[in-house]
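These figures come from a predicted structure and were not determined experimentally. Note that the numbering runs from 1 along the sequence shown for the chain.
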Amino acid sequence: MATIKKCPRGPGEMKIENLEKNTHFKGVDISYQAEVYVCPECGLEAGTVAQAAEIQKVISDAYRKEVGLLTGEEIRKYREDFGLTQQALANEMTVGIASIKRWEAGAIQSRSMDNALRSVFWNRQRKNDYTGNRQF
């Protein structure tokens, strides 16, 4: 992972910190944790490309939780719990595999696609409840 050693504003040495951040995203106020470099002398916050990508994913998942959509981690967990590959889930939903990959990686699905995901998972759960095919 790349590091930021010196503050761009002066001689200060940047230190990595976990900060509580707030933002307004798609009409929703979101709170999240962000790992960034902070200059102890001037307070400048900076981050690497990898940190920025992680922050985008965290904001996306915080937004999805706030508005009642499945998060990327929840989609992946349910898919794996039911023994589905990304391709198999895409086939059941009649969407491309790229959509499943994007949603699991942090892209925000529409409400209708979230309902379709839940339908696939709910139908599989219901089938297991009636047949007894549950994991121990």
Side-chain angles (χ1 to χ4, degrees):
M1 180 165 150
T3 60
I4 300 171
K5 301 268 187 208
K6 297 284 184 190
C7 177
R9 290 186 181 160
E13 180 102 6
M14 304 288 281
K15 305 284 186 210
I16 197 150
E17 293 185 25
N18 283 313
L19 303 177
E20 179 74 25
K21 306 291 280 179
N22 298 299
T23 191
H24 192 73
F25 183 75
K26 293 190 172 202
V28 177
D29 290 323
I30 303 291
S31 295
Y32 62 96
Q33 291 284 323
E35 183 180 85
V36 296
Y37 287 91
V38 179
C39 176
E41 292 184 28
C42 71
L44 177 73
E45 296 177 14
T48 64
V49 171
Q51 287 170 320
E54 182 60 26
I55 289 169
Q56 286 178 329
K57 186 175 185 308
V58 168
I59 290 171
S60 168
D61 279 345
Y63 170 81
R64 291 196 272 188
K65 279 184 181 180
E66 188 67 29
V67 298
L69 299 174
L70 293 170
T71 66
E73 181 62 26
E74 289 171 329
I75 294 168
R76 183 197 58 75
K77 182 188 177 310
Y78 288 133
R79 178 180 59 76
E80 289 177 352
D81 285 352
F82 291 117
L84 294 168
T85 63
Q86 288 177 330
Q87 184 64 62
L89 178 56
N91 291 347
E92 282 200 40
M93 294 181 61
T94 63
V95 298
I97 189 173
S99 293
I100 305 301
K101 289 181 179 188
R102 282 192 301 268
W103 298 333
E104 288 184 5
I108 300 169
Q109 69 276 21
S110 66
R111 176 71 61 191
S112 62
M113 286 293 102
D114 191 75
N115 289 339
L117 284 162
R118 290 173 188 271
S119 179
V120 168
F121 299 143
W122 185 80
N123 285 335
R124 287 185 169 271
Q125 180 62 46
R126 190 180 67 176
K127 184 171 143 183
N128 286 347
D129 286 346
Y130 288 125
T131 65
N133 290 335
R134 291 182 288 280
Q135 288 184 310
F136 291 102

Legend entry - Test salt bridge (Lys or Arg N to Asp or Glu O under 4.0 Å) applied to Glu73 and Lys77, step by step: CA-CA 6 Å; Glu73 181 62 26; Lys77 182 188 177 310; over 6 Å; no
Inset, instruction - Could you walk me through whether Leu117 and Tyr78 pass the side-chain contact (heavy atoms from CB on, under 4.5 Å) test, one step at a time? - result: CA-CA 10 Å; Leu117 284 162; Tyr78 288 133; over 6 Å; no
Inset, instruction - Could you check Glu45 against Val38 for side-chain contact (heavy atoms from CB on, under 4.5 Å), going step by step and ending with a plain yes or no? - result: CA-CA 5 Å; Glu45 296 177 14; Val38 179; 4.0 Å; yes
Inset, instruction - Evaluate side-chain contact (heavy atoms from CB on, under 4.5 Å) for Asn22 paired with Asp29, printing each intermediate quantity in order. - result: CA-CA 7 Å; Asn22 298 299; Asp29 290 323; over 6 Å; no
Inset, instruction - Evaluate the salt bridge (Lys or Arg N to Asp or Glu O under 4.0 Å) criterion for residues Asp61 and Lys65: first the C-alpha distance (whole Å), next the side-chain angles of each, then the deciding distance (0.1 Å), finally the verdict. - result: CA-CA 6 Å; Asp61 279 345; Lys65 279 184 181 180; over 6 Å; no
Inset, instruction - Starting from the C-alpha separation in whole Å, work towards a yes-or-no answer on side-chain contact (heavy atoms from CB on, under 4.5 Å) for Phe121 and Leu89. - result: CA-CA 9 Å; Phe121 299 143; Leu89 178 56; 4.0 Å; yes
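Follow the hydrophobic side-chain contacts under 4.5 Å out from Val67 and you never reach Trp103; the two are in separate clusters. Met113 and Ile97 are assigned to two separate hydrophobic clusters, defined by single-linkage of ILVMFWY side chains at heavy-atom distances under 4.5 Å. Hydrophobic clustering of Ile, Leu, Val, Met, Phe, Trp and Tyr side chains at less than 4.5 Å, counting indirect connections, keeps Val36 apart from Leu44.
Rounding to the nearest 0.5 angstrom, the gap separating the CD1 atom in Ile108 from the CG atom in Leu70 is 13.0 Å. Atoms CZ and CD, from Phe25 and Glu66 in turn, are 12.5 Å apart once rounded to the nearest 0.5 Å.
Residues Cys42 and Cys7 come closest through the heavy atom pair SG-SG, 3.6 Å. Summarising the geometry of Glu104 relative to Gln86, their closest heavy-atom pair is OE1-NE2, 2.8 Å, with the distance given to 0.1 Å. Between Pro11 and Glu41 the shortest heavy-atom distance is CG-OE1, 4.4 Å. Closest approach of Asp114 and Gly68 over heavy atoms only: OD2-O, 3.9 Å. Taking every heavy atom of both residues into account, Ile59 and Ile30 meet most closely at O-CG2, 4.5 Å.
A heavy-atom distance below 4.5 Å is not found between the side chains of Glu54 and Glu35. Side chains of Met93 and Val120 form a contact here, defined as non-hydrogen atoms less than 4.5 Å apart. Proximity of Arg64 to Ile75: side-chain heavy atoms (C-beta onward) are separated by under 4.5 Å at one or more points. For the pair Lys5/Met14, no side-chain contact is recorded, criterion being any heavy-atom separation below 4.5 Å from C-beta on. Considering only heavy atoms from C-beta on, Ile16 comes within 4.5 Å of Gln51 through its side chain. Using a 4.5 Å heavy-atom cutoff, the side chains of Thr48 and Tyr37 are in contact. At a threshold of 4.5 Å between non-hydrogen side-chain atoms, the residues Ile55 and Lys21 do not count as touching. Counting heavy atoms from C-beta outward, Leu84 and Arg124 have side chains that approach closer than 4.5 Å.
With hydrogens and angles disregarded, no donor-acceptor distance shorter than 3.5 Å links the side chain of Gln109 to the backbone of Leu69.
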